[in-house]
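I have a structure I would like to understand better, so I am pasting it below and will then ask my questions one at a time.
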Amino acid sequence: MFENKIALITGVSRETGLGYETAKRLKELRLTVIITARDIETVNTLGKKLNVDAAQLDVTSQESIDKLVASIIKQYGKLDVLINNAGAFFDQDNDVLTVNLDFMKDALDLNLFGALRMIQSFFPLLKLADYGTIVNVTSGIGSFSDPIFGLENYHADVPAFAISKLALNGLTVKLAKRLKEDQIKINAVCPGFVATTPGLEAYGARPVIEGADGIVWAATLPKDGPTGGFFRDREVIGW
Ligand SMILES: NC(=O)c1ccc[n+]([C@@H]2O[C@H](COP(=O)([O-])OP(=O)(O)OC[C@H]3O[C@@H](n4cnc5c(N)ncnc54)[C@H](OP(=O)(O)O)[C@@H]3O)[C@@H](O)[C@H]2O)c1
């Protein structure tokens with residue numbers, strides 16, 4: 001069913017990360033998977049482990065993205081699925097009143113503009129697919145709806161991460177409207193609180209396989225599947 005689909009995932013540098021698990025699952029579903037990360041040696045090693053293609057990519061560098069676009073055009077000629085998984089700056093020690101603005105800009109540069117750069121750059125290739133699919137990996141921390149981690153409920157720290165994911169959610173909505181005319185769907189997916197770092201289970205984090213499931217689902221939606229939504233565990237959640 002997915003044999004002819006090409007899927008690209010950003011931010012795959014750790015075996016315990018959501019990107020790695022997502023790549024593994026998509027490969028099992030028979031998609032052609034390309035994993036990417038900033039460090040070429042690391043991503044090559046992971047690519048060999050998964051038996052998928054691997055490439056260097058820094059989503060904060062337009063030059064790095066342009067190189068990848070050129071190589072995907074040459075090798076595959078199109079892109080069906082783009083998963084914007086790269087993300088960081090979980091600034092639990094920061095206070096919103098004193099957060100360093102340069103730090104905050106860096107968080108936005110990765111978590112928000114990284115995804116937008118990728119979408120703008122891969123748009124022509126996604127247009128060549130039967131229908132393109134984009135997944136933005138975001139977080140309930142950047143939402144109003146999450147009863148524990150949401151903007152109005154979680155304590156005042158994590159400002160850079162929360163605001164950057166809020167902005168990524170907004171970007172998803174804005175792009176969904178624009179991309180409809182090109183048959184490209186785009187959704188935001190929160191994986192929940194996931195044990196991507198060993199030991200987090202003790203604080204209530206769920207297994208990586210559970211967090212990745214919603215990402216895989218959104219990456220393999222049918223042509224008439226939803227767009228412009230915010231999901232966790234395959235279910236709609238509030239912005
Ligand atoms: N784990 C959770 O509980 C949770 C909850 C909600 C949302 N999320 C989101 O899920 C996604 C994956 O996170 P994870 O928990 O699986 O952690 P992770 O394994 O650390 O994944 C984050 C990835 O982003 C990469 N990255 C950082 N800067 C980059 C750049 N400039 N260009 C390209 N890649 C870059 C990191 O690579 P380097 O090794 O090079 O830094 C890493 O591979 C993130 O967007 C995160 O915000 C996670």
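Start at 1 and go down the list; that is how both ligands and their atoms are numbered. Every heavy atom of this structure was used, including side-chain atoms; hydrogens, water molecules and symmetry mates were not.
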Is it the case that ligand 1 has an N or O less than 3.5 angstrom from some N or O of Gly17?
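Between Gly17 and ligand 1 (N or O atoms, distance only) the closest approach is not under 3.5 Å.
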Is Ala195 close enough to touch ligand 1? Criterion: a residue heavy atom under 4.0 Å from a ligand atom.
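Under 4.0 Å: no for Ala195.
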Cation-pi, Tyr131 ring and Lys5 (6.0 angstrom, 45 degrees):
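Cation-pi check for Lys5 and Tyr131: passes.
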Donor-acceptor contacts under 3.5 Å from residues 78-85 side chains, at least two apart:
| unit_1 | atom_1 | unit_2 | atom_2 | d |
| --- | --- | --- | --- | --- |
| Lys78 | NZ | Asn4 | O | 2.9 |
| Lys78 | NZ | Asp80 | OD1 | 3.2 |
| Lys78 | NZ | Asp80 | OD2 | 2.9 |
| Asp80 | OD2 | Ile6 | N | 2.8 |
| Asn84 | ND2 | Asn136 | OD1 | 2.9 |
| Asn85 | ND2 | Thr10 | O | 3.1 |
| Asn85 | ND2 | Gly11 | O | 3.0 |

Short N-O contact, Asp53 and Lys27, less than 4.0 angstrom:
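So Asp53 does not pair with Lys27 through a salt bridge.
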Quick one: does Thr138 get within less than 4.0 Å of ligand 1, heavy atoms only?
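Yes, Thr138 has a heavy atom closer than 4.0 Å to ligand 1.
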I need the atoms of ligand 1 closer than 4.0 Å to a non-hydrogen atom of Ala86, numbered in the order shown.
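Those qualifying, in numeric order: 24 (O), 33 (C), 34 (N), 35 (C), 45 (O).
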salt_bridge(Lys127, Asp182) N-O dist < 4.0 Å
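Result for this pair is yes, salt bridge flagged.
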Can you confirm, on distance only, whether ligand 1 has an N/O atom lying under 3.5 Å from any N/O atom belonging to Leu18?
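Leu18 vs ligand 1: N/O contact under 3.5 Å present.
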Numbering the atoms of ligand 1 from 1, which are under 4.0 Å from a heavy atom of Phe161?
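Reading through ligand 1 atom by atom, the close ones are 47 (O).
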Looking only at heavy atoms of Asp58, does any of them come nearer than 4.0 Å to an atom of ligand 1?
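Contact check Asp58 vs ligand 1: positive.
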I'd like to know whether ligand 1 has Phe90 as a neighbour, heavy-atom separation below 4.0 Å.
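Flag not set, Phe90 not near ligand 1.
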Please report which non-hydrogen protein atom sits nearest to atom 8 (N) of ligand 1, along with the residue it belongs to and the distance in Å to one decimal place.
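For this ligand atom, the closest protein heavy atom is Pro191 CG, 3.8 Å.
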